[in-house]
Undergrad: 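Right, I'll just put the structure down here and ask away after.
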Amino acid sequence: MSEYRFREIEAKWQQYWRQHQTFRTAEDPERSNYYVLDMFPYPSGAGLHVGHPLGYIATDIIARYKRAKGFNVLHPMGFDSFGLPAEQYAIKTGQHPAKTTDTNIKRFKQQLEVLGFSYDWDREVRTSDPDYYRWTQWIFLRMFNSYFDQQQKKARDISELPIPSGLNNQEKQDYINQHRLAYQAEIAVNWCPALGTVLANEEVVGGVSERGGHPVVRKPMRQWMLRITAYADRLLEGLEQLDWPESIKTSQRNWIGRSYGAEINFPISDFNHAIKVYTTRPDTIFGVTYMVLAPEHPLVEKITTTEQQAQVNHYLVTTSKKSDLERSDLDKTKTGVFTGSYAINPINQQKIPIWISDYVLISYGTGAVMAVPGGDQRDFEFAVAFDLPIIQVVSENGEEEDLDTAYEGHGTIINSGEYNGLHSKDFTKVIIERIEKEALGKAAVNYKLRDWIFTRQRYWGEPIPLIHTQEDGIVAVPEDQLPVILPEVDDYKPTQDGQSPLAKAEDWVNTSSPVDGTPAKRETNTMPQWAGSCWYYLRFADPENQQQLADQEKLKRWSPVDLYVGGAEHAVLHLLYARFWHKVLYDLGIVPHHEPFQKLVNQGMIQGRSNFAYRIQDTNTFVSYNLRKDYKTTPIHVDISLCRNDVLDVEAFKKWQPDLADAEFVLEDGQYICGSEVEKMSKSKLNVVSPDDIVNRYGADTLRMYEMFLGPLEQGKPWSTHGIDGVFKFLRKFWNLFHDELGNLVIEDAEPTAEELKITHQTIKKVGDDIERLSLNTCVSSMMICVNELTALKCRKRAILLELVKLIAPFAPHLAEELWQILGNENSVSLEAFPQYQEEYLKEDSYEYPVSVNGKMRAKMTFALDLAPKQIEQEVLAAEAIKKWVGDKTPKKVIVVPGKIVNVVV
RNA sequence: GCCCAGGUGGUGGAAUUGGUAGACACGUUGGACUUAAAAUCCAAUGGCCAUCUAACGGCCGUGCGGGUUCAAGUCCCGCCCUGGGUACCA
């Protein structure tokens with residue numbers, strides 16, 4: 001038995017590829033182009049775990065396949081290297097984030113290299129590299145210098161902004177500033193005290209920060225914003241043509257949250273004000289029994305009556321102290337307070353009380369609602385809590401019912417004067433027409449999407465390239481002075497009051513005005529982590545360009561990205577932001593296509609499988625899994641390297657940590673069995689499996705094929721090495737097709753038989769088709785079957801083996817290179833064409849039909865493929881095996897599907 | 001609550017357009033080789049029944065209940081469960 005020495009082979013070929021620059025991106029004008037991209041990683045200190053490469057392996061197979069199919073392939077890799085962990089590490093240790101980031105990147109690259117990926121490393125980009133963020137800053141300035149033209153629905157240069165006449169200079173300046181795509185606003189932001197920074201809405205999940213899970217509070221602050229809301233419609237419409245998973249499209253649609261309804265003004269009695277509300281159900285207007293303002297609504301202080309003042313103030317103070325988490329707690333009962341004032345329903349002139357409650361959000365719609373407790377569950381709950389009247393105006397069956405919840409559906413209009421009996425959907429149109437005719441309001445579209453809060457009070461990010469001058473307000477850093485380099489500071493900590501750490505770099509902050517040279521100060525906020533990843537895929541087309549972010553011709557060649565593979569967790573973050581930037585760049589004529597990523601695939605998350613030991617409380621004794629119920633125990637995570645199939649290596653466990661040296665155990669069947677649980681793979685859960693370990697034991701080719709073999713790319717699953725032996729055995733079997741027991745090469749030059757050709761070409765067809773539809777798990781199976789069959793036939797024919805090596809090359813590239821060389825070829829197999837199947841070898845002249853009676857399979861019969869269906873029918877009916885089931889009845893009909901099935905219906 | 005994805009042997013999973021369900025692999029069992037173990041190779045392996053002298057068989061079966069069809073894992077209706085996203089969005 002000859003040995004498959006994967007370690008030697010893999011090291012050898014990785015070096016070869018490096019030396020020969022085998023995977024330099026080809027830009028042959030005669031060939032078609034294909035851009036296949038991974039979501040570039042944040043280089044964390046933990047390195048890669050076996051989950052990371054899943055998508056990378058898939059894209060690498062595609063990249064190698066497309067190259068072999070004759071495409072120019074762009075398959076780059078880079079690092080999203082600005083980010084919070086490096087900065088927090090710096091705060092703890094004083095080590096400069098650039099340094100740790102650099103170390104981490106080295107480690108990542110090393111780990112990636114070992115897996116044999118065919119990246120063009122000459123095109124590597126790092127978002128924290130000044131040569132890169134120069135262009136991130138440049139794009140920001142383009143947004144700063146643009147406005148959104150509502151007529152043309154596109155961004156245009158700010159110099160083309162029509163300015164209303166009659167404004168003085170200051171007013172003109174303000175007008176312009178208010179229309180920029182990047183603008184400053186004083187708004188209630190998500191302030192995270194623990195991180196010392198503001199967060200975007202997309203970064204706040206359930207009231208706590210997405211990173212770290214720290215509480216987030218609302219706080220008014222002056223911030224730079226990006227006008228993503230202007231693009232809401234285009235972001236929505238653009239989704240239609242994209243080949244993306246439906247779930248991601250749906251998430252983005254929901255996040256943008258376009259809804260149709262009406263804005264209606266409710267005059268306030270005794271005040272010269274009206275409350276403007278937004279509603280999607282103007283058809284329920286006869287059911288309005290009260291109004292609610294958000295606590296932050298500007299009218300609150302104007303309309304609160306003297307008697308109610310104390311109560312209102314008290315309520316405002318309590319709500320402002322609440323975190324978003326507390327405010328969004330759905331289980332709590334509704335709170336609120338009466339303002340003392342009344343509004344008039346403009347349709348039926350009813351006088352209704354105006355309340356304040358924190359269930360109405362200042363950030364959505366107009367910050368005020370017309371409350372219809374009969375038709376809205378939240379209003380219903382509020383009405384019950386404060387004993388307000390409930391009127392049903394929409395009914396499923398036209399009858400008034402005893403409501404114990406709101407009826408939110410559509411149906412017949414009741415209790416609505418002359419409109420009774422209409423269907424609610426028709427009434428919606430009717431009432432909007434009336435509202436517009438009587439100038440009480442107008443039809444309106446609303447979005448959940450908010451503008452993007454773009455500033456962070458952090459050190460490790462792109463400085464915002466703006467200068468605050470004394471005379472000319474805020475001005476852009478001139479283009480030829482980009483990049484604005486991140487200054488050195490002594491202390492990376494943000495301040496309590498929301499000042500960026502950059503404010504402490506006084507030499508850097510104090511600068512002069514680009515307009516007149518007078519003293520000025522730099523903007524000290526930095527950009528959020530997402531900035532760099534909004535456009536990195538463009539830079540890969542032309543990473544060295546010093547004149548522009550990328551050459552037009554090169555962008556034309558490579559955009560849009562043909563295949564983009566990455567995690568679904570970026571559905572409404574990176575993937576939405578990048579589309580937004582891309583559309584701005586498109587409007588400004590910088591990119592040639594209006595969407596960045598044509599096809600998107602989400603690879604499933606590979607989870608870890610944690611092991612637990614059960615410590616009996618207040619002792620140093622551990623009890624085995626199945627006996628733990630007899631004791632009071634606390635489970636502790638055990639490093640999975642100390643377990644094998646859930647059996648704990650007791651001695652290793654004792655040596656693992658000093659306090660366990662004298663640990664005692666309650667065993668079952670002489671063993672300590674650990675509990676297990678599927679969790680996210682992470683350092684803290686001690687369940688991280690590193691690809692390095694697997695590569696060391698089985699080789700990169702085995703790991704690559706095994707991760708594909710595990711199941712469909714899109715599916716998540718816990719990591720397990722059960723079955724990796726099967727893949728390893730397959731590669732060894734493949735190796736042994738070429739070698740005899742002594743390790744001698746045994747290849748025959750004889751002509752392959754028809755059977756051998758058929759097996760081979762069937763497999764080529766199947767694998768080719770499966771790669772095209774990204775079904776990489778079935779590719780592996782098909783190749784296993786092929787090798788099994790050829791091994792059984794003892795086929796060692798050169799012509800067959802040459803094809804097989806090319807076929808397996810995208811999956812197991814090192815092994816393929818080695819065998820390709822053994823077969824006497826000088827070139828790298830990576831430069832060979834993917835095999836083409838020959839139709840003639842696949843032709844069959846007969847087919848074994850499954851023959852069924854009433855849909856139940858009863859016999860198999862072989863017929864020539866060109867035999868007439870009538871004749872097949874006759875032979876089937878004559879066959880003994882079928883007669884047995886038909887009996888003496890006359891068949892009703894016989895269905896013959898040529899090449900598929902015969903079914904006799906009795 | 002709402003939206004999305006999914007539910008197939010002991011396990012991971014296959015079945016691309018409705019056409020032989022369980023490919024391929026793991027595991028398990030038995031056998032060969034071996035002083036022994038490991039490794040390797042061979043065979044069996046959805047459940048139940050029949051048979052076990054050999055050859056052949058039968059019924060059930062893709063979360064549950066209905067339906068369409070000559071034919072349903074696949075299509076339709078209703079439900080249950082799991083995973084993910086989202087949440088006072090008016």
Side-chain angles (χ1 to χ4, degrees), chain A residues 1 205-207 245-251 253-255 257-259 261 277-282 284 292 294 327-332 334 357-361 363-372 375-379 381-382 408 446-450 568-569 571-572 602 604-605 607 645 678 706 709-712 714-718 720-727 729-730 732 741 766 769-770 772-773 775 777-788 848-860 891-897 899-906:
Chain A
M1 189 56 52
V205 179
E246 210 41 57
S247 60
I248 300 282
K249 291 199 203 179
T250 309
S251 299
R253 284 190 196 110
N254 290 344
W255 190 260
R258 179 160 68 183
S259 66
V277 300
Y278 171 76
T279 177
T280 53
R281 294 296 299 272
T284 61
V292 189
R327 264 183 81 159
S328 65
D329 183 1
L330 277 175
D331 292 334
K332 68 161 196 196
K334 297 264 183 293
S357 174
D358 64 3
Y359 84 86
V360 174
L361 308 174
S363 54
Y364 183 76
T366 61
V369 300
M370 58 178 226
V372 186
D376 182 288
Q377 188 55 30
R378 296 155 299 174
D379 297 343
E381 283 162 21
F382 190 84
E408 297 187 334
N446 223 315
Y447 302 90
K448 280 182 2 188
L449 186 69
R450 304 266 68 89
E569 65 273 21
V572 293
N602 294 125
M605 201 177 41
Q607 290 160 297
N645 293 333
V678 172
Y706 179 61
F709 184 68
L710 271 175
E714 296 87 343
Q715 221 162 83
K717 51 226 136 193
S720 135
T721 45
H722 289 304
I724 196 167
D725 285 327
V727 175
K729 277 190 231 170
F730 159 69
R732 195 173 49 198
E741 281 84 28
K766 180 90 168 63
D769 290 352
D770 284 354
E772 290 286 352
R773 62 187 183 99
S775 172
N777 52 329
T778 52
C779 290
V780 180
S781 300
S782 305
M783 291 189 281
M784 285 178 173
I785 296 169
C786 180
V787 168
N788 284 346
E848 190 181 46
Y849 283 84
V851 181
S852 48
V853 178
N854 289 338
K856 266 213 171 8
M857 227 273 280
R858 294 301 180 193
K860 285 180 182 172
K892 283 198 195 113
K893 62 176 159 178
V894 180
I895 291 144
V896 179
V897 186
K900 281 225 164 135
I901 198 162
V902 180
N903 191 14
V904 182
V905 187
V906 183

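What you see is a predicted model, and the numbers here were worked out from it, not measured in a lab. Within every chain, numbering begins at 1; the chains are lettered A, B, ... in the order of the sequence lines, protein sequences first and strands thereafter.
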Undergrad: What distance, rounded to whole Å, do you find between the two P atoms, one in B:rA43 and one in B:rC26?
TA: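 After rounding to an integer number of Å, I get 14 Å for this pair.
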Undergrad: According to a 3.5 Å limit on both distances, what stems of 3 or more consecutive Watson-Crick or G-U pairs are formed with RNA chain B?
TA: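 Runs of three or more consecutive pairs: B:1-7 with B:80-86, B:10-12 with B:24-26, B:27-32 with B:40-45, B:46-49 with B:57-60, B:63-67 with B:75-79.
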Undergrad: With a non-hydrogen cut-off below 4.0 angstrom, is A:Pro245 in contact with a base, only sugar-phosphate, or nothing?
TA: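 Result for A:Pro245 = nothing.
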Undergrad: With rounding to whole Å, what would you report as the distance between B:rA21 and B:rG61 at their P atoms?
TA: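 Nearest-Å result for B:rA21 against B:rG61 at atom P: 12 Å.
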Undergrad: Roughly how far apart, to the nearest Å, are B:rC59 and B:rG63 at atom P?
TA: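 My reading of the P atoms in B:rC59 and B:rG63 gives 22 Å.
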Undergrad: Contact class for A:Arg773 (heavy atom, under 4.0 Å): base, sugar-phosphate, or nothing?
TA: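 Touches a base.
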Undergrad: Just checking A:Val905: base, sugar-phosphate only, or nothing, at a heavy-atom cut-off of under 4.0 Å?
TA: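 If one applies the 4.0 Å heavy-atom cut-off, A:Val905 turns out to touch the sugar-phosphate alone, with no base involved.
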Undergrad: Choose from B:rA90, B:rC26, B:rU16 the nucleotide whose nearest atom is closest to any side-chain atom of A:Lys729.
TA: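 The closest nucleotide is B:rC26.
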Undergrad: Would you measure the distance from the C1' atom in B:rC60 across to the matching atom in B:rC3 and give it in whole Å?
TA: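 Here B:rC60 and B:rC3 have their C1' atoms 38 Å from each other.
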Undergrad: Within the structure shown, what part of the strands sits under 4.0 Å from A:Asn777 by heavy-atom distance: base, sugar-phosphate, or nothing?
TA: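 If one applies the 4.0 Å heavy-atom cut-off, A:Asn777 turns out to touch the sugar-phosphate alone, with no base involved.
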Undergrad: Which is true for A:Asn788 with a 4.0 Å heavy-atom rule: it touches a base, it touches only sugar-phosphate, or it touches nothing?
TA: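 It contacts sugar-phosphate atoms only.
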Undergrad: Within the structure shown, what part of the strands sits under 4.0 Å from A:Ser247 by heavy-atom distance: base, sugar-phosphate, or nothing?
TA: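 Sugar-phosphate, no base atom in range.
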Undergrad: For A:Asp376, what residues pass the side-chain hydrogen bond (donor to acceptor under 3.5 Å, both in side chains) criterion, not counting sequence neighbours?
TA: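 Here the qualifying residues are A:Arg378.
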Undergrad: Ignoring backbone atoms, establish whether A:Gln715 has a side-chain N or O less than 4.0 Å from OP1 or OP2 of B:rG6.
TA: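 A:Gln715 to B:rG6 OP1/OP2: no side-chain N or O under 4.0 Å.
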Undergrad: Is the shortest side-chain N/O distance from A:Arg858 to OP1 or OP2 of B:rU20 below 4.0 Å?
TA: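 Negative; the distance criterion is not met.
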Undergrad: Taking any heavy-atom pair under 4.0 Å as a contact, classify A:Lys766: base, sugar-phosphate, or nothing.
TA: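 It contacts base atoms.
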Undergrad: So which atom in A:Pro850 and which in A:Lys900 form the shortest heavy-atom distance, rounded to 0.1 Å?
TA: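 What the structure gives for the nearest pair is CD-O, 3.3 Å.
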